[in-house]
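Structure first, then comments.
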Amino acid sequence: RKQLDSLLYLSDSMQLWLVTVPNRGESPDATYSSLQRQVPSCKLHRFEIPSLVVGTLDSLMALSDDLTKINTQVEAVVRKIERQYAEVAGPEADSLRAANEMTVENFMRNFQWDYARYRYQGRQLPDLVSQVQAMVAKVDDELKKLSVSYNEKLQQLSAVQRKKTTNLITSELEDFLPADTTSRFEFVDSEFMVTILVVVPGQTEADFLKSYEEVGADIAAYGGPDWSASFNPAGLGKDDGNFGPEGNRGRVRGSPVVPGSAVKIFTEGEVHLYSVTVLKGHYEAGYFEGSEFIPGKFVDYSDAVKNAFREKRFTVREFVFDPSKAGGVDGQIDQAKWEVQQTLTTIVRWCRAHFGEVFSGWVHLKVVKGFVESVLRYGLPVDFLAMFVEPNIKREKQQLASLKTGICKVRSDLAANDWEADEEGKDGGGDESDSLPFVFHRFSATG
């Protein structure tokens with residue numbers, strides 16, 4: 001049975017009750033010993049509250065109300081740090097530590113007031129509370145900034161990973177073609193010819209290979225004078241139908257595509273990328289208009305070639321490729337992953353460094369609240385025992401009843417208060433702590 005109870009106490013969520021009991025002239029040690037005898041089923045963890053400044057009754061009542069709201073706000077930051085740590089560190093990571101590198105469980109079972117951080121001599125209770133609030137607000141602001149930075153890094157990583165999803169029409173060639181592409185395949189870029197890339201859907205690949213040599217059959221001009229047979233320098237430039245504007249190169253038309261030049265260089269899914277060599281264009285000869293010579297001009301085929309392939313439902317891409325940048329998207333992904341990991345490491349270290357400070361501040365707030373409620377309930381002079389009770393969550397209801405009975409036996413005067421509280425409870429007023437004859441506050445030390 002004891003082994004089973006031990007396992008139950010090791011639950012992921014540590015439930016605790018903050019309880020105070022008046023000493024009524026006895027020493028705290030005597031009160032504690034009496035409770036241990038009366039409530040053997042509960043684990044009682046006694047702690048000392050320093051001689052805090054009481055102040056006025058009005059200030060205590062106002063602070064009691066404020067502490068309820070402040071406690072909720074501070075606990076929200078504690079839970080936020082826990083969630084952020086769990087998200088980035090993973091389930092196998094070490095648990096966050098409370099102050100002095102103690103586990104949360106040990107910190108609560110051995111709680112001691114932090115006299116170095118929370119000096120109480122001559123300080124009003126609201127000052128102590130404000131100190132905790134200021135510290136927690138600063139930590140919360142830092143956590144928000146870290147969280148924003150982490151989300152930005154994740155978005156950047158997602159953006160570069162989307163670039164890795166190859167689209168043969170829109171993706172940069174360096175994002176998917178290997179660096180040795182130019183050495184494995186022949187790419188031409190001369191005065192008269194250039195290699196272009198054609199994106200071919202898989203279902204039309206066969207048609208492409210049959211017809212690509214005839215694409216744009218009316219684009220390239222192959223006509224003009226027969227220079228070998230009728231070359232006559234004396235007639236060059238004259239309007240005799242053989243040279244100049246009358247030497248019509250367009251009399252003979254054909255495709256600018258070099259036959260047999262199509263080579264498949266890449267495939268992504270059901271889409272293929274072919275290289276095709278085409279003529280860049282042709283020159284029109286110059287001629288004289290009277291005594292003025294009109295220079296010849298170059299007729300560019302590039303736009304006409306693109307349109308011709310587009311009419312066949314093929315997309316033309318220019319071959320713009322820098323081998324030194326090949327695989328660049330992989331490098332960007334690696335860099336983005338590294339930045340995400342660095343941010344994760346920073347967050348993990350930050351959570352470990354600040355959790356104990358915030359958690360300790362939160363517990364000190366609870367102790368202050370317990371002090372305030374004890375003074376309001378038990379009166380002056382300040383003389384009560386404070387403890388954290390660690391219940392067995394499987395038998396929590398029974399143990400609370402046992403604790404109540406035990407405290408009433410040790411302090412019989414509280415039994416009368418218990419009867420009055422029960423009468424008020426019948427009217428539906430008050431919460432759980434109001435229905436008990438002693439100061440009681442239930443909370444979870446771990447999220």
Side-chain angles (χ1 to χ4, degrees), residues 12-20 45 47 49-50 52-53 55 59-87 95-120 123-147 347 350-376 386 388-390 431-433 439-447:
D12 290 339
S13 180
M14 184 186 191
Q15 302 295 323
L16 290 173
W17 304 333
L18 189 158
V19 175
T20 68
H45 307 297
F47 61 89
I49 299 181
L52 302 176
V53 176
S59 65
L60 287 178
M61 295 180 66
L63 183 59
S64 178
D65 294 336
D66 292 341
L67 280 170
T68 300
K69 179 178 66 175
I70 296 170
N71 174 77
T72 301
Q73 295 171 344
V74 174
E75 181 179 7
V77 178
V78 172
R79 302 306 176 211
K80 190 185 299 183
I81 296 175
E82 289 176 336
R83 289 193 300 270
Q84 185 70 78
Y85 180 76
E87 177 183 344
S95 299
L96 288 169
R97 299 281 175 160
N100 301 319
E101 288 300 308
M102 298 173 67
T103 64
V104 168
E105 291 79 5
N106 285 338
F107 179 82
M108 298 305 302
R109 291 164 184 160
N110 301 278
F111 174 76
Q112 293 181 349
W113 185 272
D114 189 341
Y115 293 94
R117 183 179 296 275
Y118 300 109
R119 299 178 180 178
Y120 62 91
R123 297 182 66 187
Q124 297 296 319
L125 290 179
D127 292 340
L128 283 174
V129 174
S130 296
Q131 179 184 349
V132 176
Q133 281 184 287
M135 176 270 294
V136 172
K138 181 180 178 182
V139 169
D140 188 32
D141 185 59
E142 291 180 8
L143 181 57
K144 289 177 181 177
K145 292 178 180 178
L146 283 173
S147 180
I347 292 176
W350 185 94
C351 289
R352 289 173 177 170
H354 290 82
F355 175 77
E357 180 183 20
V358 177
F359 184 82
S360 175
W362 177 50
V363 176
H364 279 75
L365 280 182
K366 290 190 174 298
V367 173
V368 171
K369 182 174 177 60
F371 175 85
V372 171
E373 292 184 358
S374 296
V375 174
L376 291 174
F388 290 122
V389 180
E390 187 177 357
D431 57 21
E432 183 180 41
S433 60
V439 172
F440 176 91
H441 176 48
R442 182 198 307 269
F443 66 99
S444 175
T446 55

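- A distance of 11.0 Å separates CG in Leu52 from CD in Gln124, rounded to the nearest 0.5 Å.
- To the nearest 0.5 Å, atoms CZ (Phe371) and CD1 (Ile49) are separated by 7.0 Å.
- Counting only heavy atoms from C-beta outward, the side chains of Val104 and Phe355 approach each other to under 4.5 Å.
- Ring geometry for Phe359 against Trp362 counts as perpendicular: the plane angle is over 60°, on a 0 to 90° scale with 30° as the lower cut.
- Of all heavy-atom pairs spanning Glu75 and Ser444, the tightest one is OE2-O, 4.5 Å.
- A distance of 8.0 Å separates OG in Ser374 from CG in Leu18, rounded to the nearest 0.5 Å.
- Within a 6.0 Å sphere centred on CZ of Arg119, heavy atoms belonging to other residues, nucleotides or ligands number 12 at most.
- Counting heavy atoms from C-beta on, the side chains of Glu105 and Thr446 come closer than 4.5 Å.
- Scanning all heavy atoms of the two residues, the minimum distance from Phe443 to Met108 falls at CZ-CE, 3.8 Å.
- Residues Thr103 and Arg97 are in side-chain contact: their nearest non-hydrogen atoms beyond the backbone lie under 4.5 Å apart.
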### Query
Can you check side-chain contact (heavy atoms from CB on, under 4.5 Å) on Ile70 and Val132, steps first, answer last?
CA-CA 10 Å; Ile70 296 170; Val132 176; over 6 Å; no
### Message
Pair Leu125, Leu128 - check side-chain contact (heavy atoms from CB on, under 4.5 Å), show working.
### Response
CA-CA 5 Å; Leu125 290 179; Leu128 283 174; 4.2 Å; yes
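- Using a 4.5 Å heavy-atom threshold, the side chains of Arg83 and Lys80 count as touching.
- In this structure the side chain of His354 never reaches within 4.5 angstrom of the side chain of Lys138, judged on heavy atoms.
- Glu82 has a carboxylate O that lies under 4.0 Å from a charged side-chain N of Arg79, or vice versa, which qualifies the two as a salt bridge.
- Atom CD in Glu373 sits 10.0 Å away from atom CG in Leu63 (nearest 0.5 Å).
- Nearest heavy atoms, Leu376 versus Ser64: CD1-CB, 4.1 Å.
- Between Trp350 and Leu143 there is a side-chain heavy-atom pair separated by less than 4.5 Å.
- When all heavy atoms are compared, the tightest approach of Asp114 to Arg117 is OD1-N, 3.1 Å.
- Minimum interatomic distance between Ala445 and Leu16 (heavy atoms only, all atoms of both residues): CB-CD1, 4.0 Å.
- Contact of the Met135 side chain with the Val358 side chain is registered, since non-hydrogen atoms from C-beta on lie closer than 4.5 Å.
- Checked against ring-ring contact (aromatic ring centres under 6.0 Å, His included), His364 has the following partners two or more places apart in sequence or in another chain: Phe111, Trp113, Tyr118.
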### Task
Could you give me the CA-CA distance, side-chain angles and deciding distance for Lys369 and His441, then say whether side-chain hydrogen bond (donor to acceptor under 3.5 Å, both in side chains) is met?
CA-CA 9 Å; Lys369 182 174 177 60; His441 176 48; over 6 Å; no
### Task
Check the pair Val53, Arg123 against side-chain contact (heavy atoms from CB on, under 4.5 Å), reporting the backbone distance first and the verdict last.
CA-CA 7 Å; Val53 176; Arg123 297 182 66 187; 5.8 Å; no
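- Atom CG of Asn100 sits in a sparse spot, with 12 or fewer heavy atoms from other residues, nucleotides or ligands closer than 6.0 Å.
- Arg442 contributes atom CZ, which lies 8.0 Å from atom CD of Gln15 (distance to the nearest 0.5 angstrom).
- Side chains of Leu96 and Cys351 form a contact here, defined as non-hydrogen atoms less than 4.5 Å apart.
- Atoms CD and CG, from Gln73 and Asp140 in turn, are 10.0 Å apart once rounded to the nearest 0.5 Å.
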